[in-house]
J.: 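Dumping the structure here so I can ask a few things about it.
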Amino acid sequence: MERGEIPVASLPGGFDLQSTVESGQSYLWNREDGRMYETDAPYGGSAWYWTAVRTGDGPAVIRTRQVEGRLEWESNVDATPHLRRLLRLGDDLAAIRAATPDDPLLARAYDAYEGMRIVRDPPFGALISFICSAQMRVARIHGMQRELARAFGDPVAFDGRTYRAFPTPERLAEATETQLRDLGLGYRAPYVRDTAAMVAEGEADPADARGMAYESAREYLTRFVGVGQKVADCVLLFSLGFLQAVPLDTWIRKTIAEYYPDCDRGSYAETSRAIRDQFGGEYAGYAQTYVFHYLRNGGE
DNA sequence: TATCCAAGGTAAGTT
DNA sequence: AACTTACCTTGGATA
């Protein structure tokens, strides 16, 4: 086993592991104590989390926890570059906040979760996660991804235990609708299966959206079954690095109605542009994510 | 204990 | 293009 640590206290804007991986951005991280997304779970501030990454030599497990200003990790590979990528440790959070409009709601949200960063999930896992997110609670979305990994994920031996990586498109494409429904996916089962088949057969790849202009990229992703504009925005923001994307979910729609009624332009595309401008454009997705997490946890 | 309801929406069918 | 409606499942709220 390899071990190491990354100093994070000195990163501009700081870092907070728990709010980063338990704020509804990623469903591909797990708490070792099994209490991911349980609102009554003890905070502690230093819970161990793990995820699996794909490397040239097959899947590897990365386990990490934050102890004060350090991110400690254990893995079967050198986890440092993976953690920097997955948790966007290179983002200048201070500059991002400085570039966001002076707005009382945004200020309260940023203050409440200082150090929260946008994640950079692997594209396929992000795509499937957010297909599953339709009409679903955060804790259950996470539970579904855990079930998918348990049923169809490749085993990864690490530290005397067997972990399961998130399934490959090929393995998931082999699943039957019934099998997926038995995992509790409901009507999302055929969406997941058909999208996995599209990726497995090379018909399309979510990663291909990376080089496109933002709105073209969003349009491209809607070709996957079960992906509309909202899910596409989530994949763009939480996986493909489009920090200007503002997914219009129920929470942000409520926020628009209450705080920014002028931004409601009827259609998704127009309302999206309006709230993106309201949130400062380039890093509007950061603002959205802070507001989402803040309001969902009872802030107002 | 039984019933109702909403949860980070999308696809398919109408106007 | 904009507007309806159906869709699985389940934990939590309400009666």
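Scope of the values below: all heavy atoms of this structure, side chains included, with no hydrogens, waters or symmetry mates. Proteins get letters first, then strands, A, B, ... in listed order; numbering begins at 1 in each.
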J.: Dump every N/O contact between nucleotides 12-15 of chain B and the protein below 3.5 Å, one line per pair.
T.:
none

J.: Taking the side chain as every heavy atom from C-beta outward, state whether A/Arg117 and A/Tyr286 have any pair of such atoms under 4.5 Å apart.
T.: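 Yes. Closest side-chain heavy atoms under 4.5 Å.
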J.: Can you find a donor-acceptor pair, distance only, under 3.5 Å between A/Tyr27 side chain and B/dG8 base?
T.: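 Yes, the side chain and the base share a sub-3.5 Å donor-acceptor pair.
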J.: Are the side chain of A/Thr162 and the backbone N or O of A/Pro155 linked by a donor-acceptor pair below 3.5 Å?
T.: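 Between the backbone of A/Pro155 and the side chain of A/Thr162 there is no qualifying donor-acceptor contact (under 3.5 Å).
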J.: Please figure out whether A/Phe224 or A/Ser23 has its closest DNA chain B nucleotide nearer the 5' end.
T.: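 That would be A/Ser23.
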J.: In whole angstrom, what separates A/Tyr268's OH from C/dA2's P?
T.: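 Atom OH in A/Tyr268 sits about 15 Å away from atom P in C/dA2.
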J.: Please check if any side-chain donor atom of A/Tyr214 sits under 3.5 Å from a side-chain acceptor atom of A/Asp233, or the reverse.
T.: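 A/Asp233 and A/Tyr214 do have a side-chain donor-acceptor pair below 3.5 Å.
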J.: How long is the line joining CD1 of A/Ile131 and P of C/dC8, in whole Å?
T.: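 Rounded to the whole Å, the gap is 16 Å.
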J.: According to the Watson-Crick and G-U wobble definitions, with both distances under 3.5 Å, which nucleotide is paired to C/dC8?
T.: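 Base partner found: none.
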J.: If you check every side-chain atom of A/Ile141, which of B/dG8, C/dA2, B/dA11 has the closest atom?
T.: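 Minimum distance to the A/Ile141 side chain belongs to B/dG8.
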J.: B/dG9 P sits how many Å from A/Leu127 CG, rounded?
T.: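 Result: 16 Å.
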J.: Considering just the side-chain nitrogens and oxygens of A/Arg181, establish if one lies under 4.0 Å of OP1 or OP2 belonging to C/dC8.
T.: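 Answer yes for this pair, as a side-chain N or O of A/Arg181 is under 4.0 Å from OP1 or OP2.
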J.: Check whether the aromatic ring of A/Phe130 stacks on the base of B/dG8, taking stacking as ring centres less than 5.5 Å apart and planes within 30° of each other.
T.: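 Here the ring of A/Phe130 and the base of B/dG8 are not stacked, as the 5.5 Å and 30° limits are not both satisfied.
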J.: Would you classify A/Gln25 as touching base, sugar-phosphate or nothing, given that sugar-phosphate means primed atoms plus P, OP1 and OP2, and contacts are heavy atoms under 4.0 Å?
T.: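 It contacts base atoms.
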J.: Can you check the distance between B/dG8 and C/dT4, where both ends of the measurement are the C1' atom (answer in whole Å)?
T.: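 My reading of the C1' atoms in B/dG8 and C/dT4 gives 22 Å.
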J.: Can a salt bridge be assigned to the pair A/Glu177 and A/Arg181 using a cut-off of 4.0 Å between side-chain N and carboxylate O?
T.: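 A/Arg181 and A/Glu177: salt-bridged.
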J.: Below 3.5 Å is the cut-off: list the nitrogen or oxygen pairs between protein and nucleotides 4-6 of chain B, distance only.
T.:
unit_1, atom_1, unit_2, atom_2, d
B/dA6, N3, A/Arg137, NH2, 3.4

J.: Could you check how far OH of A/Tyr290 sits from C1' of B/dG8, rounded to whole Å?
T.: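 Checked: the OH to C1' distance equals 19 Å.
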J.: After noting the C-alpha distance and the side-chain angles of A/Glu72 and A/Trp48, does the key distance pass the side-chain contact (heavy atoms from CB on, under 4.5 Å) rule?
T.: CA-CA 9 Å; A/Glu72 302 179 349; A/Trp48 281 100; 4.2 Å; yes
J.: Say we look at B/dG13 and C/dC8: how far apart would their P atoms be, to the nearest angstrom?
T.: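 Those two atoms are separated by 14 Å.
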J.: So, are A/Arg223 and A/Glu203 salt-bridged, with charged N and O less than 4.0 Å apart?
T.: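 Salt bridge absent between A/Arg223 and A/Glu203.
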J.: Using atom C1' in both nucleotides, what's the gap between B/dA6 and C/dA6 to the nearest angstrom?
T.: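 Approximately 16 Å lies between the C1' atom of B/dA6 and that of C/dA6.
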J.: Heavy atoms under 4.0 Å, any strand shown: does A/Thr289 hit a base, just sugar-phosphate, or nothing?
T.: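 Nothing: the residue A/Thr289, judged by heavy atoms under 4.0 Å, touches no strand.
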J.: Could you check which nucleotide pairs with B/dG8 in any of the strands shown, counting Watson-Crick or G-U wobble with both distances under 3.5 Å?
T.: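 Across all strands, not a single nucleotide pairs with B/dG8.
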J.: Could you state the atom-to-atom distance from CZ of A/Phe292 to C1' of B/dG9 in whole Å?
T.: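 It is 13 Å, rounded to the nearest whole Å.
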J.: Rounded to whole Å, how long is the line connecting atom NZ of A/Lys254 with atom P of B/dG8?
T.: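 Distance, rounded to whole Å: 9 Å.
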J.: Should A/Arg120 and A/Asp91 count as an ion pair when the cut-off is N to O under 4.0 Å?
T.: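 No, no charged N to carboxylate O under 4.0 Å.
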J.: Would you state whether a donor and an acceptor, one from the side chain of A/Tyr187 and one from the base of B/dG9, lie under 3.5 Å apart?
T.: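 Present.
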J.: Is any N or O donor-acceptor pair between the side chain of A/Arg188 and the base of C/dC7 shorter than 3.5 Å?
T.: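 Not at all, since no donor on one side and acceptor on the other fall under 3.5 Å apart.
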J.: Which atom pair, heavy atoms only, marks the closest approach of A/Tyr37 to A/Ser26?
T.: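 Closest approach of A/Tyr37 to A/Ser26, heavy atoms only: OH-O, 3.1 Å.
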J.: Once you round to the nearest 0.5 Å, how far does CG of A/Leu148 lie from CD1 of A/Ile128?
T.: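 A/Leu148 CG to A/Ile128 CD1: 7.5 Å, rounded to 0.5 Å.
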J.: Is A/Asp205 salt-bridged to A/Arg210, going by a charged N under 4.0 Å from an acidic O?
T.: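 Salt bridge: no.
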J.: CZ of A/Arg140 versus C1' of B/dG9: gap in Å, rounded?
T.: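 Going from CZ in A/Arg140 over to C1' in B/dG9 covers 15 Å.
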J.: Is A/Arg31 paired with A/Asp33 through a side-chain N to carboxylate O contact shorter than 4.0 Å?
T.: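 Salt bridge present between A/Asp33 and A/Arg31.
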J.: Given atom CZ of A/Arg146 and atom P of C/dT10, what is their separation to the nearest angstrom?
T.: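 Those two atoms, CZ and P, are 14 Å apart.
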J.: Map A/Gly226 and A/Cys234 onto DNA chain B by nearest heavy atom, then report which one ends up closer to the 5' terminus.
T.: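 Its nucleotide being nearer the 5' end, the pick is A/Cys234.
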